[in-house]
Amino acid sequence: MPEELMAAGEGRLLPESAERLNKKLLIVDDDAAVVEALSRTLKKAGYTRIDAAGGGAEALTRIRSDKPDLILLDVRLPDMSGYEVIDLL
């Protein structure tokens, strides 16, 4: 497990770490390089349930069906703004 999840100086995982790492994450961005960089960083941190959407309409569909715990949402999307996505939730 990543070192930043270890209790300071104790060498053990914090009790909530496993639950936190099992959360569903959704990355919403039309730039594939950004999606890849965020996904790679989150995977290195131990997250395994990462999904992505390239636009607002796709994001809304995934949000409604998958109910992610965290959404990383770009403001500038090809079909609508991130603010519009939030308004439609």
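Bear in mind the structure is a predicted one, so any value in this text is a computation, not a measurement.
In terms of the salt bridge (charged side-chain N to carboxylate O under 4.0 Å, His left out) criterion, E84 has no residue partners (sequence neighbours excluded). Under the salt bridge (charged side-chain N to carboxylate O under 4.0 Å, His left out) criterion, K43 pairs with no residue at all, not counting sequence neighbours. The side chain to side chain donor-acceptor pair (under 3.5 Å) check on D31 picks up nothing, with sequence neighbours excluded.
Within the structure, the side-chain hydrogen bond (donor to acceptor under 3.5 Å, both in side chains) test picks out the following pairs touching residues 49-60 (sequence neighbours left out): D51-R62, E58-R62. Residue pairs meeting the salt bridge (Lys or Arg N to Asp or Glu O under 4.0 Å) criterion with at least one partner in residues 65-82, sequence neighbours excluded, are absent. For residues 21-30, the salt bridge (Lys or Arg N to Asp or Glu O under 4.0 Å) pairs, not counting sequence neighbours, are E19-K23.
Connection of Y47 to V34 is established within a shared hydrophobic cluster, with ILVMFWY side chains joined at heavy-atom distances below 4.5 Å, either directly or through further cluster members.
Grouping Ile, Leu, Val, Met, Phe, Trp and Tyr by side-chain contacts under 4.5 Å, direct or through others, puts L26 with V28, L60, I63, I71, L73, L77, M80, V85, I86, L88, L89.
Counting all heavy atoms, side chain and backbone alike, G55 lies closest to P78 at CA-CD, 4.4 Å.
Residue L25 holds its CG atom at 10.5 Å from CG of L38, rounded to the nearest 0.5 Å.
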